[in-house]
Amino acid sequence: MNKRTLYYVVAILIVLGVYGYERFLSEEEKSEVVEEGKATKSDTNEYFLPTSTTNQIVHHEGYSLSYNEKHEQAEWVAYELKKAHLSSVNHKRPYFEIDKAIKTGAASWRNYKNSGYDRGHLCPAGDRRFSKDAHDETFLTSNISPQEHQFNSGIWNTLEQKVRYWARKYDGVFVVTGGVLKGHMKTIGTEEVSVPNQFYKVLIDNNTGKTKMIAFLMPHKDSRKPLYDFVVSVDEIEKLTGIDFFPELEDSLENKLEASSSYKDWSFN
DNA sequence: CTGGTGATC
DNA sequence: GATCACCAG
C-alpha cells in the first residue's frame, strides 16, 4: 500500500469513527434523557440548580426544569449559556412535542392553538443553536409558557438577546427563567394552562473571577422602557416564587449577592 | 431574533 | 398530521 492510499484509508476510518461516536451519543440521549428524564447533568448545572417547590425536577441534555403540574408549565428552566454555545447556524423549526419526561403529563401544545398567546420559549431556541438536537429539544411543551406576542417579540426578546450578549462578553452565564405562578391567572386550553402575570430571569456569572448576579422581573406586557428598569434583587424573586435560586453558593456570598439590585457589574451597552 | 396561520396532500 | 408559503413585531 502506498502512502497516498494509507492516508485515504486513515481518513475514512476517522470519519466512520466520529459518525459511530455521534450515533452512540444520540442513542444514549434517547434512552436516558428524552424518555426517562434521568439525572444526567453537568457539575456546573447541578451546582446552580434552584430548589423545586413542586418536587418534580427533570433534566434534559441542554437544560433542566422544575414542572408545576397545576399550572401546566415549568416554574423554572435552568441552563448554562456558554460562549461556545453561541452559533449563527439556522435550524428549521420543528413541531412542539409533549415532554414525555414529565411524569404527571406535560401540557399539550393544543392548549395554545387559537388561544391568542404565543408558545413562548423559556429556554430560547436561539440559545441552543449549536446543534440540531439541542435546538429541537427546546421545542418540548415543558419549556413553554403562554406569552403575549407583543411581549415575547418585544421586551422579552430584547432581554434574551442581551443575555446572549453577556454570554459572549463574560464567557458564559448561567440562566434561570420562568413565569411567576402565583395569584389569579387567566388560563388557556382544556388543560387550563396558566398565563403568568409576570416573568423573571435570573443570571449568575461565576467564571470571570468575581461572582456576579442580576435578576429581572417583568410584567407580562410589552414595554419600551430600558431593560435596567426591570432589575430587582434575587431575594425579591425568591419571595414572590418561593424558589431558592442558588442554595449551594457559600451562604455569606449568596446572601450578599441575592440582596443586591445593583446592575453596575453588567454592561448594558 | 420572537412567533402565527392557511392551503395542500 | 406533516409541509410549505406567507405573514407580523
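Just so we're on the same page: letters track the sequence lines, and every chain starts at 1. Worth saying up front: this structure is predicted, and the values here are computed from it rather than measured.
Regarding A:Trp109, its CH2 atom lies at a distance of 11 Å from the C1' atom of C:dA2, rounded to whole Å.
In this structure A:Lys132 satisfies the salt bridge (Lys or Arg N to Asp or Glu O under 4.0 Å) test together with A:Asp136, sequence neighbours excluded. With sequence neighbours excluded, no residue forms a side chain to side chain donor-acceptor pair (under 3.5 Å) with A:Asn68. Looking at residues two or more places apart in sequence or on another chain, you find a side chain to side chain contact (heavy atoms under 4.5 Å, CB included) between A:Asp235 and A:Ser233, A:Glu238, A:Glu258, A:Ala259. Partners of A:Glu160 by side chain to side chain contact (heavy atoms under 4.5 Å, CB included), not counting sequence neighbours, listed by chain and number: A:Pro124, A:Trp156, A:Asn157, A:Arg164, A:Lys201. The side chain to side chain contact (heavy atoms under 4.5 Å, CB included) search around A:Lys264 returns A:Lys210, A:Ser262, not counting sequence neighbours. By the side chain to side chain contact (heavy atoms under 4.5 Å, CB included) test, A:Leu253 pairs with A:Thr211, A:Leu249, A:Glu250, A:Leu257, sequence neighbours left out. Annotation: side chain to side chain donor-acceptor pair (under 3.5 Å) contacts of A:Ser142 (sequence neighbours excluded): A:Asp99.
Of the charged side-chain nitrogens involved, none lies within less than 4.0 Å of a carboxylate oxygen, so that A:Asp171 and A:Lys83 do not count as a salt-bridged pair.
Hydrophobic cluster of A:Tyr112: the remaining members, joined at side-chain heavy-atom separations below 4.5 Å, are A:Phe96, A:Trp109, A:Tyr117, A:Phe139, A:Ile144, A:Ile188, A:Val193, A:Val195, listed by chain and number.
Nucleic acid contact class of A:Arg224 (heavy atoms, under 4.0 Å, all strands): none. Among the atoms of the strands shown, only primed sugar atoms or phosphate atoms (P, OP1, OP2) are found under 4.0 Å from some heavy atom of A:Glu160.
Sorted by residue number, the members of residues 82-94 of chain A with any non-hydrogen atom under 4.0 Å from DNA chain C read A:Lys92.
Toward the 5' end of DNA chain B, the nearer of the two residues A:Phe96 and A:Gln161, judged by each one's closest nucleotide, is A:Gln161.
The salt bridge (Lys or Arg N to Asp or Glu O under 4.0 Å) contacts involving residues 113-122 of chain A comprise nothing, where partners must be two or more places apart or lie in separate chains.
A 4.0 Å heavy-atom criterion places the boundary nucleotides of DNA chain B facing chain A at B:dC1 to B:dT5, written 5' to 3'.
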Could you go over nucleotides 6-9 of chain C and give all protein N or O partners under 3.5 Å, atom names and distances?
from  : atom 1 : to       : atom 2 : distance (Å)
C:dG9 : O3'    : A:Gln150 : OE1    : 3.0

